[in-house]
K.L.:
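Sharing a structure, written as structure tokens. Questions coming.
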Amino acid sequence: MRDGSGEESNVAPSVHSYSSRPGSHRYKNAKKGLPFNLMLVGEPGLGRTTFLNTLCERQVAAPAELPSPEQAHIAEPMRFKHYAVDMEEDGMKIMLNIIDTPGFGNGTDNETCFNQIQEYIEAQYDEVLAEENRIKRNTKFKDTRVHAVLYFISPTGHSLREIDIELMKRLGARANVIPVIGRSDSLTPRELVLFKQRIMNDVAHYGIPVYNFPNPEDDDEDEETAEENAELRTMMPFATVGCEEVFNEDGRPVRVRTYPWGVVQVDNDEHSDFDRLRYVLLNSHIGDLRERTQNDLYELYRTEKLSTNAAAAAAVAAEAAQLRAVAA
Amino acid sequence: MSAPDATGSAKSQASAGGIGIANLPNQLHKIVTKKGTNFSLMVVGESGTGKTTFINTLLTTELIEPLDDASRRKKQLDKTVDINIHKAELEEKMFSVKLNVVDTPGFGDYVDNNDCWLPVVDFIENQYEQYLRQEQQPVRKGIVDMRVHACLYFIRPNGHTLKPLDVRAMKAIGARVNLIPIIAKADTLSPAALRQFKKRVMDVIDAQSIRIYQPPVDSEDENTMQRNKDIISAMPFAIIGSDREVKTADGRCVKGRLYPWGVAEVENDQHCDFKKLRSLLIRTHMLDLISTTEEVHYDKYRTTQMKTRKFGEPKLKKNDNKKFREEEEALRARFTEKVKLEENRFRQWEQRLIAERDRLNKDLEQEHNLVKQLESEIEAIANSGSPNGKFFRK
């Protein structure tokens with residue numbers, strides 16, 4: 001089990017130790033841990049909750065409470081559920097905050113879900129904006145900006161659906177959107193390859209802004225990072241499978257899903273991309289995801305918000321000046 | 001032939017040598033075999049639930065071709081539900097079936113799926129309407145019968161419960177046609193999860209009073225009865241579809257899906273309910289599906305229509321379509337505009353005519369006065385004339 005001892009045989013040893021990333025050394029031995037806010041979005045039944053539990057390696061979220069059969073025709077509205085989990089990865093403590101969105105895409109008409117999520121993300125930016133402008137800063141201020149959004153795509157095997165395209169487009173301008181395929185054990189290897197290709201073709205065709213593992217700017221000579229990022233780009237979207245049971249094989253825990261025709265191993269790279277995704281989120285790219293949110297995306301929002309405020313203020317001031325000129 | 005006595009003699013005559021009534025089923029068999037039959041199957045469900053693959057697996061032939069990338073992209077943001085009909089003629093051991101498969105691409109695929117089942121329901125009712133009208137024609141030969149005998153509703157295996165969209169759509173569809181719910185792509189649910197999901201789906205179906213097709217259980221022999229019971233208890237059917245053959249670990253060649261962790265077999269009852277569904281649709285219950293459509297669903301439609309319509313009268317079309325209503329409003333506005341313009345034109349024309357008439361009347365009056373004047377002059381001359389005036393008397 002993961003207890004920080006580093007004795008994990010089915011996870012690749014870290015190619016880049018975290019301490020080489022800029023700004024990370026502060027948290028290496030901190031008591032509290034690096035805050036990482038992860039949002040999970042996707043239609044019901046794609047394995048979001050199971051993914052959450054598999055990521056945290058324990059039952060963090062209880063299985064969803066189903067409405068009674070008499071109420072099954074009513075779509076419950078989307079809501080936000082927060083889970084706080086302390087993790088340790090490679091000796092580094094992480095304060096993981098997961099925001100789940102049960103009810104997304106459950107209705108007959110799902111237009112309102114997009115706005116709700118966008119407003120939530122922007123509200124977190126607004127908090128930071130307000131905090132920055134305070135004269136007396138709050139030392140205990142918690143940064144709740146969403147560092148990454150995992151969007152679960154349904155394994156249709158065809159390509160993106162309208163709801164996928166719309167959501168990723170809208171959120172991509174405000175947060176790092178990482179598309180993943182939920183329940184990917186419903187696709188054979190051949191189908192999975194074609195599906196991934198078609199999805200990425202759609203992403204290019206519709207100009208959907210997804211997180212594409214950019215190379216760090218000040219590290220141009222670092223070939224290994226560039227190679228790693230290129231490889232991650234070819235794996236997108238990540239195929240995820242949720243763990244339902246844990247076997248004990250020679251004293252080693254193996255996370256699996258059991259079918260009459262075989263056993264899927266969650267941590268086996270040939271069965272799913274789960275391990276790689278986990279490593280990206282909590283280890284190799286946690287710094288980049290945080291920085292991009294705090295620097296690029298937040299600054300973009302700030303500029304837009306202040307200019308619209310400024311523009312609105314300027315318009316009001318101009319009108320007032322006009323009225324005064326007339327009255328004078 | 002002995003003279004018939006009291007009651008039982010007619011019976012004894014038949015059982016003795018028989019007059020040949022027992023041969024009637026054979027005759028019927030020959031007639032039916034020659035005529036063949038007509039079967040319409042509809043598949044409804046979101047894209048990517050395996051509808052096309054299922055049909056191709058069921059018929060062991062590629063009846064529906066998968067979409068190519070260009071057509072798929074066109075449909076992605078299209079926001080409409082299409083009705084596509086694929087026709088095939090199947091023949092087995094001298095018996096032929098004209099098969100119609102109705103596909104519904106676009107169903108449930110968009111952000112706003114409100115009323116996406118309306119095109120499906122309309123199609124079903126239109127077929128009843130067409131049949132009703134053809135029946136009422138003086139010449140009834142060559143009736144085209146496209147009434148849907150079974151509608152397969154593909155449920156996405158989200159492992160939780162039926163979506164509100166599914167509930168509403170199935171309610172509307174099940175009231176008009178034989179509805180058979182199917183759990184699509186069942187190879188993503190573990191056996192325990194599948195059992196739970198099936199139970200949950202049936203609970204919702206019961207609680208929401210959704211009408212699904214119930215095959216009749218009673219039969220003469222025990223085997224058939226047991227088989228029917230098995231079929232009913234397996235509903236909703238969990239389906240895996242595959243149109244290719246793969247090799248299993250123990251060397252068998254089967255229709256299935258090849259995963260790194262094993263082969264999910266289509267025709268293995270431990271893996272999915274494909275065989276049961278195939279039996280229901282074709283081997284054992286096709287006739288029941290056809291007859292319940294005709295005797296129950298079509299008859300219900302016919303009765304409600306006949307109550308409100310006279311024989312031969314066309315159906316009132318209620319157009320609830322938003323787009324149509326908007327267009328109708330726009331057309332109506334344009335029409336009113338045009339009418340106003342024309343009326344103005346007429347009014348002006350009328351006024352011109354009146355003015356013209358007045359002018360002409362005036363001229364006429366002037367002339368009339370002139371004539372009068374001349375007349376009076378003539379009179380004056382006539383009266384004031386000499387003794388010769390007598391000749392000028394009028």
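For the numbers below, each heavy atom of this structure counts, side chains included, while hydrogens, waters and symmetry mates do not. The chains referred to below are lettered A, B, ... by the order of the sequence lines, with proteins before strands, and numbering in each begins at 1.
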K.L.:
Find the distance between CG (A:L66) and CG (B:L162) and round it off to the nearest 0.5 Å.
P.N.:
11.0 Å
K.L.:
Grab the two heavy atoms, one from A:R183 and one from B:P157, that are nearest each other, plus how far apart they are.
P.N.:
NE-O, 3.7 Å
K.L.:
Should we say atom CZ of B:R244 is surrounded by more than 12 heavy atoms from elsewhere, each under 6.0 Å from it?
P.N.:
no
K.L.:
Return the option, out of B:N114, B:D203, B:T248, with the maximum number of heavy-atom pairs under 4.5 Å with chain A.
P.N.:
B:N114
K.L.:
Taking A:A72, A:P260, A:S159 one by one, which has the highest count of heavy-atom pairs under 4.5 Å against chain B?
P.N.:
A:A72
K.L.:
What residue in A:Q71, A:E191, A:R257 has the most heavy-atom pairs under 4.5 Å with chain B?
P.N.:
A:E191
K.L.:
With sequence neighbours left out, what residues match A:E76 under salt bridge (Lys or Arg N to Asp or Glu O under 4.0 Å)?
P.N.:
A:R79
K.L.:
Output the option from A:I165, A:D202, A:N106, A:I74 having the highest count of non-hydrogen pairs under 4.5 Å with chain B.
P.N.:
A:D202
K.L.:
Between B:R73 and A:Y206, is any pair of side-chain heavy atoms under 4.5 Å apart?
P.N.:
yes
K.L.:
Identify the two heavy atoms, one from A:E43 and one from B:R156, that lie closest to each other, and give their separation to 0.1 Å.
P.N.:
OE1-NH2, 3.5 Å
K.L.:
Counting only non-hydrogen atoms closer than 4.5 Å, does A:Q265 touch chain B with its backbone (N, CA, C, O), its side chain (CB onward), both, or neither?
P.N.:
neither
K.L.:
Need one label for A:N268: side chain, backbone, both or neither, based on atoms under 4.5 Å from any heavy atom in chain B.
P.N.:
neither
K.L.:
Which atoms of B:V111 are under 4.5 Å from chain A, going by heavy atoms: the side chain, the backbone, both sets, or neither?
P.N.:
both
K.L.:
Measure from the side-chain N and O atoms of B:K185 to the backbone N and O of A:T156, and report whether any donor-acceptor pair falls under 3.5 Å.
P.N.:
yes
K.L.:
Measuring heavy-atom distances to chain A, does B:K79 have an atom under 4.5 Å in its side chain, in its backbone, in both, or in neither?
P.N.:
side chain
K.L.:
Shorter than 4.5 Å, heavy atoms on both sides: which option in A:G107, A:G47, A:P155, A:S186 has the most such pairs with chain B?
P.N.:
A:S186
K.L.:
Indicate the atoms forming the closest heavy-atom contact of A:T258 with B:P191, along with that distance.
P.N.:
O-CD, 3.8 Å
K.L.:
What closest approach, in Å, do B:G108 and A:R161 show between heavy atoms, and which atom pair accounts for it?
P.N.:
O-NH2, 3.1 Å
K.L.:
Is there side-chain contact between A:D185 and B:T188, with at least one heavy-atom pair below 4.5 Å?
P.N.:
yes
K.L.:
Examine whether an atom of A:E111 lies under 4.5 Å from a heavy atom of chain B, and if so say whether it belongs to the side chain, the backbone or both; otherwise answer neither.
P.N.:
both
K.L.:
Tabulate, in ascending numerical order, the residues of residues 47-57 of chain B having at least one heavy atom closer than 4.5 Å to a heavy atom of chain A, or enter 'none'.
P.N.:
B:S47, B:G48
K.L.:
Please look at A:S68 and chain B and tell me whether the side chain, the backbone, both or neither of the residue comes under 4.5 angstrom of a heavy atom of that chain.
P.N.:
backbone
K.L.:
I'd like to know if the side chain of B:Q208 reaches the main chain of A:P69, judged simply by a donor and an acceptor atom lying under 3.5 Å from each other, with no hydrogens or angles considered.
P.N.:
yes
K.L.:
Need one label for A:L160: side chain, backbone, both or neither, based on atoms under 4.5 Å from any heavy atom in chain B.
P.N.:
both
K.L.:
Which value, rounded to the nearest 0.5 Å, describes the distance between B:D206 atom CG and A:E70 atom CD?
P.N.:
10.0 Å
K.L.:
If you tally heavy-atom pairs under 4.5 Å against chain B, which of A:H158, A:R190, A:E270 wins?
P.N.:
A:H158
K.L.:
Looking at side-chain heavy atoms only, is the closest gap between B:W117 and A:T108 below 4.5 Å?
P.N.:
yes
K.L.:
If I measure from the heavy atoms of chain B, does A:T188 come under 4.5 Å with its side chain, its backbone, both, or neither?
P.N.:
both
K.L.:
Can you tell which of B:L194, B:D166, B:I205, B:V167 has the highest number of heavy-atom pairs within less than 4.5 Å of chain A?
P.N.:
B:V167
K.L.:
Is it true that atom NZ of B:K75 has more than 12 heavy atoms of other residues, nucleotides or ligands lying nearer than 6.0 Å?
P.N.:
yes
K.L.:
Pick from A:S154, A:G182, A:S184: which one has the most heavy-atom pairs with chain B under 4.5 Å?
P.N.:
A:S154
K.L.:
Pull out the residues in residues 257-278 of chain B that come under 4.5 Å of chain A, heavy atom to heavy atom, sorted by number.
P.N.:
B:R257, B:L258, B:Y259, B:P260, B:W261, B:G262, B:V263, B:A264, B:Q270, B:H271
K.L.:
The criterion is side chain to side chain contact (heavy atoms under 4.5 Å, CB included); which residues satisfy it with A:C243, sequence neighbours excluded?
P.N.:
A:T54, A:V246, A:R255, A:V266
K.L.:
Does any backbone or side-chain atom of B:I240 lie under 4.5 Å from a heavy atom of chain A? Answer side chain, backbone, both or neither.
P.N.:
side chain
K.L.:
Give, for atom CG of B:D112 and atom OG1 of A:T112, the distance between the pair rounded to the nearest 0.5 Å.
P.N.:
10.0 Å
K.L.:
Below 4.5 Å from any heavy atom of chain B, which atoms of A:D164 appear? Answer side chain, backbone, both or neither.
P.N.:
neither
